[in-house]
A.B. asks: 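Below you will find the structure I want to go over with you.
Here the structure is a predicted model, which is why all the values come from computation and not from measurement.
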Amino acid sequence: MGRNTNFKQTQTLTFSCLQGLSLNVASILAALGLSACQTAASSLASAQPAKMHAASTTEACIAQMREAVRAATGRAVVLTALAFDNTDVLRITPAPLTGETGVQLDGRRYEQPHRFRLLKIDNSCAIKDERTELVRSLPACTCSAIPL
């Protein structure tokens, strides 16, 4: 008896707009994934730079922003309601390097600041990681578009 060669060969693709969601090409999910990429791309086409107002920024919004930044940088961060107050840019600068005695080592920066942009997409706010182009929705936040 020979070996059974009746197995289904699969190929896995990763769609960059879905950030790591692997889909079996032979499945219906591939078509859905391509559709989702087109929808995401068309939504981003209408995205506008946005700002928040510190007085109306809630704790839930701050928590969503903090989680988005933590997921992107791999580090816990402290953010306040002033994070995007009257600007669409947030820069997270790495902590300075220190020597064995705890003294800051001057002139030693190996990592560039991590930049994020606040976007208004339709009636929602989102945060975009400029390194990876990943856009995360911020449903608890309210923001207003910055006129171009």
A.B. asks: Output all residues satisfying side chain to side chain donor-acceptor pair (under 3.5 Å) with K128, sequence neighbours left out; order by chain, then residue number.
C.D. replies: E133

A.B. asks: Among residues at least two apart in sequence or on other chains, which ones pass side chain to side chain contact (heavy atoms under 4.5 Å, CB included) with P139?
C.D. replies: Q64, S137

A.B. asks: R131: what forms a salt bridge (Lys or Arg N to Asp or Glu O under 4.0 Å) with it, not counting sequence neighbours?
C.D. replies: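 Partners of R131 under the salt bridge (Lys or Arg N to Asp or Glu O under 4.0 Å) test: none.
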
A.B. asks: Could you list who else is in V77's hydrophobic cluster, with ILVMFWY side chains joined at under 4.5 Å, directly or through other members?
C.D. replies: M52, I62, M65, V69, L79, F84, L90, I92, F116, L118, I127, L138

A.B. asks: Look up atom CG in D85 and atom OG1 in T80, then write down how far apart they are to the nearest 0.5 Å.
C.D. replies: 8.5 Å

A.B. asks: Taking only residues at least two apart or on different chains, which pairs with a member in residues 119-148 satisfy ring-ring contact (aromatic ring centres under 6.0 Å, His included)?
C.D. replies: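 Qualifying pairs: none.
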
A.B. asks: Which atom names give the shortest non-hydrogen contact between V135 and A126, and what distance separates them?
C.D. replies: CG1-CB, 3.6 Å

A.B. asks: Excluding sequence neighbours, so at least two apart, what forms salt bridge (Lys or Arg N to Asp or Glu O under 4.0 Å) with E130?
C.D. replies: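 With sequence neighbours excluded, E130 shows a salt bridge (Lys or Arg N to Asp or Glu O under 4.0 Å) to R115, R117, given in chain and number order.
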
A.B. asks: With sequence neighbours left out, what residues match R136 under salt bridge (Lys or Arg N to Asp or Glu O under 4.0 Å)?
C.D. replies: none

A.B. asks: Going through the checks in order, is the disulfide bond (SG atoms under 2.5 Å apart) test met by C141 and C125?
C.D. replies: CA-CA 6 Å; C141 298; C125 299; 5.9 Å; no

A.B. asks: Supply the members, apart from V78, of the Ile/Leu/Val/Met/Phe/Trp/Tyr cluster built from side-chain contacts under 4.5 Å; use none for a lone residue.
C.D. replies: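 V78 shares its hydrophobic cluster with no other residue.
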
A.B. asks: Apply side chain to side chain contact (heavy atoms under 4.5 Å, CB included) to S144 and list each qualifying residue two or more places apart in sequence or on a separate chain.
C.D. replies: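 Counting only residues at least two positions away or on another chain, S144 forms a side chain to side chain contact (heavy atoms under 4.5 Å, CB included) with K51, H53.
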
A.B. asks: Of all residues at least two apart in sequence or in a different chain, which pass the side chain to side chain contact (heavy atoms under 4.5 Å, CB included) check with Q48?
C.D. replies: A145

A.B. asks: So, taking the atom named CD1 in I146 and the one named CG in N86, what distance separates them when rounded to the nearest 0.5 Å?
C.D. replies: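 Nearest 0.5 Å value for the CD1-CG distance: 8.0 Å.
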
A.B. asks: Of all the heavy-atom pairs spanning S46 and I121, show the shortest one and how long it is.
C.D. replies: OG-CG2, 4.3 Å

A.B. asks: Can you list the residues that meet the side chain to side chain contact (heavy atoms under 4.5 Å, CB included) rule with T58, with sequence neighbours excluded?
C.D. replies: A60, C61

A.B. asks: Go through the structure and list residues passing salt bridge (Lys or Arg N to Asp or Glu O under 4.0 Å) with R91, not counting sequence neighbours.
C.D. replies: none

